[in-house]
Amino acid sequence: MIHFIDTEISKVLNYFADKKILMVDSETDGAFDFNNKIILLQLGDRENQFVIDVRKVDIKGLRSLFLSDKIKIFHNAKFDVKFLWLHGLDINNVYDTLLAERLLNAGCERPKGYYALDRLAKYYADGYLDKSVRVTINRKNINQKTIQYAADDVKYLMDIRDKQIKRLVKLGMSNGDCQDITTVLGLENKSMLAFAAMEYNGIKLDKDKYQKVIDLIDENLDKVMQDLDDIICHEPVFERYCVYYQDLFTSAKKVANVNWNSPIQKLDVLQHMDSTIQSTSAAELLNFKKYDIVNKLMEYNKYSKLKNSFGENMFEFINPVTNRVHTEFWQILDTGRVSCKNPNMQQIPARTDIGGMMRECFVPEQGYKIVGGDYSGCELRIIAEFSQDPVWVNAFKDGKDLHSELCAMTFNIDIKDVKTPTPFKPDIKYRDVQKTLNFGLAYGMSHIKLANTIDISEDEAQSIIKKFFTAVPKVERFLEALGNRGKERGIIKTPPPYGRIRFFEDYKHADNKRKGAIERASKNHPIQGGNADMTKLALIYIYDYIKDKPIKLIHTVHDEIQTEVPDYMADEWAVKMSELMNQAAAQILKNVPMVVDCAVNDYWSK
DNA sequence: ATGGGCCGCCC
DNA sequence: GTACGGGCGGCCCATC
């Protein structure tokens with residue numbers, strides 16, 4: 001039965017007083033942007049649905065209900081939770097049918113709309129939702145039809161949840177308690193609030209500082225384009241790419257008639273000079289640094305990338321109400337990692353000089369600091385823990401540098417010499433080869449790829465890998481076992497206690513390319529996904545700890561968490577934060593210690 | 001307009 | 001002939 005509530009909400013509170021679980025949804029007057037509001041708020045169970053007209057009713061009275069230990073079922077809760085916060089309401093004990101469905105389908109290719117509520121309603125509850133009504137809902141248009149639609153939206157959530165949990169329990173991703181953070185389901189439901197908080201809080205971008213970096217990029221870009229023009233117009237070999245350009249005010253001048261953003265045109269120019277150049281990628285160009293034009297093109301590529309991907313367009317993401325940048329998180333990728341977009345705050349430059357300058361433009365408010373923590377060598381520690389290789393385990397236990405230790409063994413050299421150049425490639429140091437190897441093996445890197453990456457012969461690469469695995473046989477066996485498991489069982493899990501599953505299609509019927517990909521993803525998933533589990537648990541610990549404190553969660557990048565905190569408590573918080581992150585790590589790493597690098601800064605540092 | 005391919009930024 | 005895991009996104013260019 002549907003109840004339309006447009007006066008007061010005691011009826012709702014009374015109804016749910018002795019219920020353990022309720023389903024919630026909201027209809028808003030648009031996407032979340034700090035100006036929009038909730039129009040209708042629906043609460044219900046299988047028998048009764050209450051549709052509250054938020055234009056007329058003060059929903060603050062629902063505070064105790066939302067903070068009670070009753071389970072609140074949502075579909076895509078992050079969306080509604082942010083709106084509730086905007087209306088001054090907090091919430092906990094949420095079950096999210098979208099997150100649950102993602103857990104049940106990680107790794108599977110699914111058609112568009114697969115995770116939509118109407119699909120779930122049909123699949124799990126044989127219910128029908130008429131989504132065409134949604135577009136007609138607005139502040140001035142609440143009628144019988146929209147109320148019916150709004151009520152329907154919550155009607156099936158209970159059945160969906162019941163059946164999802166059955167499946168998740170069978171797969172070991174839940175024990176039936178959807179809030180238990182020792183299970184994947186609980187991990188996701190709980191950390192959802194942290195992701196909602198990071199979206200809600202956003203990060204401040206210092207516009208003036210950022211503009212200065214863009215100006216610097218522009219200067220470099222102008223210079224390098226001038227140089228490219230000079231080369232094209234003065235070297236006879238490029239004559240055909242040169243044209244005269246004349247405007248009304250200046251005399252004719254020779255310029256390059258090439259769009260340097262076009263890989264096809266770029267390659268054409270380069271091959272005209274040297275037909276052995278295969279592509280315009282940075283890796284390929286590195287081999288042809290003897291040509292001036294190649295050096296200039298590499299510079300051009302670098303600056304135009306920064307300009308096009310991270311230039312003025314970033315300003316469009318500054319919200320006019322909060323004056324901050326609010327990214328959107330997608331909480332469950334195939335491995336359990338998180339992505340974000342609009343903008344993608346996980347790909348803000350950090351590595352190069354100018355990249356570092358761009359990242360430093362993300363700053364705290366006046367009187368605040370940014371306190372960030374990251375898990376040092378997280379994936380390598382996970383490999384150590386679960387391979388139980390003594391070299392790896394002891395390196396971390398003794399606080400030694402794993403790359404150097406392994407390097408000495410792989411190349412039979414003294415540990416003092418790991419930073420000397422290799423004989424087979426003088427511009428690369430031993431330790432750098434080892435680093436490529438250590439990270440690459442977690443991805444199932446082949447000797448061919450290693451050979452290409454550091455530009456050595458395939459035979460040399462093969463023998464390096466062989467010697468490496470001879471030194472650490474348990475790591476080799478560990479990775480092999482993971483690869484085989486994915487192939488044989490069609491699923492692979494992250495380490496205990498989580499066991500987050502990634503599903504694969506049938507190995508036998510895959511083509512060779514796909515077979516290789518399944519094997520490599522099987523090796524990688526427990527490592528990458530284990531890292532993701534750990535970071536999500538840390539987010540939960542932090543979210544719970546900072547509740548009622550003036551500390552804000554603002555960002556996360558896989559093995560890194562950023563917070564914004566008043567000056568006076570920054571140092572103290574940094575200590576506590578690394579303690580919380582270590583606590584989370586200790587739930588997964590039982591034998592290998594974790595190191596959390598925590599820093600207090602006036603900007604987002606890396 | 002749309003989508004695939006290439007390329008490059010992040011961990 | 002493919003073979004480095006997980007992403008997002010800008011640009012070019014062919015196609016509709």
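The basis for the numbers below is simple: all heavy atoms, side chains too, and nothing from hydrogens, waters or symmetry mates. Note that the structure is a prediction, hence the values are computed from the model and not measured. Below, chains carry the letters A, B, ... as their sequence lines are ordered, and counting in each starts from 1.
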Undergrad: Relative to each other, are the rings of Trp392(A) and Phe468(A) parallel, tilted or perpendicular (30° and 60° limits)?
TA: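 Tilted, since the angle between the ring planes falls between 30° and 60°.
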
Undergrad: Under 4.0 Å, heavy atoms only, any strand: does Gly516(A) hit a base, just the sugar-phosphate, or nothing?
TA: nothing

Undergrad: Please measure how far the P atom in dC6(B) lies from the corresponding atom in dT2(C), and state the result in whole Å.
TA: 11 Å

Undergrad: Find out whether the Lys NZ or Arg CZ of Lys190(A) is both under 6.0 angstrom from the six-membered ring centre of Tyr543(A) and within 45° of the ring's axis.
TA: no

Undergrad: Please work out whether the ring planes of His272(A) and Tyr241(A) are parallel, tilted or perpendicular, with thresholds of 30° and 60°.
TA: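 Ring orientation of His272(A) relative to Tyr241(A): perpendicular.
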
Undergrad: Students should find this one: the first and last nucleotides of DNA chain B, 5' to 3', lying under 4.0 Å from a heavy atom of chain A. What are they?
TA: dC7(B) to dC11(B)

Undergrad: Near DNA chain B, counting only heavy atoms under 4.0 Å, which residues of residues 337-362 of chain A show up?
TA: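 Close to the strand are Arg337(A), Gln346(A), Gln347(A), Ile348(A), Pro349(A), Ala350(A), Arg351(A), Arg359(A).
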
Undergrad: Would you classify Asn259(A) as touching base, sugar-phosphate or nothing, given that sugar-phosphate means primed atoms plus P, OP1 and OP2, and contacts are heavy atoms under 4.0 Å?
TA: sugar-phosphate

Undergrad: Hey, is Lys523(A) close enough to Glu480(A) for a salt bridge, meaning N to O under 4.0 Å?
TA: no

Undergrad: Assess, by modelled atom type and distance only, whether the side chains of Asn259(A) and Ser262(A) contain a donor and an acceptor separated by less than 3.5 Å.
TA: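 No pair is found: no donor N or O on one side chain lies under 3.5 Å from an acceptor on the other.
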
Undergrad: Side-chain contact test, heavy atoms from C-beta onward, threshold under 4.5 Å: evaluate it for Arg102(A) versus Trp330(A) and give yes or no.
TA: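 The answer is yes; the side chains approach within 4.5 Å.
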
Undergrad: With a 4.0 Å cut-off on heavy atoms, is Asn531(A) in touch with a base, just the backbone sugar-phosphate, or nothing at all?
TA: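 Nothing: the residue Asn531(A), judged by heavy atoms under 4.0 Å, touches no strand.
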
Undergrad: Rounded to the nearest 0.5 Å, what separates atom CG in Asp533(A) from atom CD1 in Ile181(A)?
TA: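 Here the interatomic distance stands at 12.0 Å.
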
Undergrad: Listed in order of residue number, which residues of residues 518-526 of chain A have a non-hydrogen atom at under 4.0 Å from DNA chain B?
TA: none

Undergrad: Checking Arg381(A) side chain against Pro593(A) main chain: does a donor-acceptor pair fall under 3.5 Å?
TA: yes

Undergrad: One thing to verify: whether Glu101(A) and Arg110(A) come together as a salt bridge, which I'm taking to mean a side-chain N less than 4.0 angstrom from a carboxylate O.
TA: no

Undergrad: Which residues in residues 294-310 of chain A have at least one heavy atom lying under 4.0 Å from any atom of DNA chain C?
TA: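 Residues of residues 294-310 of chain A under 4.0 Å from DNA chain C: Lys305(A), Asn308(A), Ser309(A).
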
Undergrad: Between Lys82(A) and Glu328(A), does at least one N-O distance fall below 4.0 Å, as a salt bridge requires?
TA: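 No salt bridge links Lys82(A) with Glu328(A).
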
Undergrad: Classify the ring geometry of Phe32(A) against Tyr200(A): parallel below 30°, tilted from 30° to 60°, perpendicular beyond 60°.
TA: tilted

Undergrad: Does Phe439(A) form a ring pair (Phe, Tyr, Trp, His ring centres under 6.0 Å) with His403(A)? I'd like the steps, not just the answer.
TA: CA-CA 10 Å; Phe439(A) 289 115; His403(A) 297 309; 5.5 Å; yes

Undergrad: Between dC4(C) and dG4(B), how far apart are the two P atoms, rounded to whole Å?
TA: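 It works out to 23 Å between them.
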
Undergrad: Would you say Lys302(A) and Asn220(A) are linked by a side-chain donor-acceptor pair, where the criterion is simply a distance under 3.5 Å?
TA: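 Note: Asn220(A) and Lys302(A) side chains miss the donor-acceptor criterion.
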
Undergrad: Closest nucleotide of DNA chain C for Asn512(A) versus for Ala517(A): which of these residues is on the 5' side?
TA: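 Of the two residues, Asn512(A) wins.
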
Undergrad: So is Lys515(A) actually on top of Tyr507(A)'s ring, under 6.0 Å and inside 45° of the axis?
TA: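 Lys515(A) over Tyr507(A) ring: yes.
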
Undergrad: How far does the C1' atom of dG1(C) sit from the matching atom of dG8(B), given to the nearest Å?
TA: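 Taking atom C1' in both dG1(C) and dG8(B), they lie 26 Å apart.
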
Undergrad: Give the C-alpha distance, both sets of side-chain angles, the deciding distance and a yes or no for side chain to side chain donor-acceptor pair (under 3.5 Å) between Tyr291(A) and Asp274(A).
TA: CA-CA 10 Å; Tyr291(A) 301 116; Asp274(A) 183 334; 2.5 Å; yes

Undergrad: Name the first nucleotide and the last nucleotide along DNA chain C (5' to 3') that come under 4.0 Å of a heavy atom in chain A.
TA: dA3(C) to dC13(C)

Undergrad: Salt bridge check: are Glu560(A) and Lys606(A) linked by an N-O gap of less than 4.0 Å?
TA: yes

Undergrad: Checking all strands, does Ile527(A) fall into the base, sugar-phosphate, or nothing category for heavy-atom contacts under 4.0 angstrom?
TA: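 Result for Ile527(A) = nothing.
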
Undergrad: For the CG atom on Asp506(A), are there more than 12 heavy atoms of other groups (residues, nucleotides or ligands in this structure) within a distance under 6.0 Å?
TA: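 Enclosed: over 12 neighbouring heavy atoms sit under 6.0 Å from CG of Asp506(A).
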
Undergrad: Are the charged groups of Arg337(A) and Glu379(A) less than 4.0 angstrom apart, N to O?
TA: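 The answer is yes: the pair qualifies as a salt bridge.
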
Undergrad: Where along residues 268-282 of chain A does a heavy atom come under 4.0 Å from DNA chain B, residue by residue in number order?
TA: Ser279(A), Thr280(A), Ser281(A), Ala282(A)

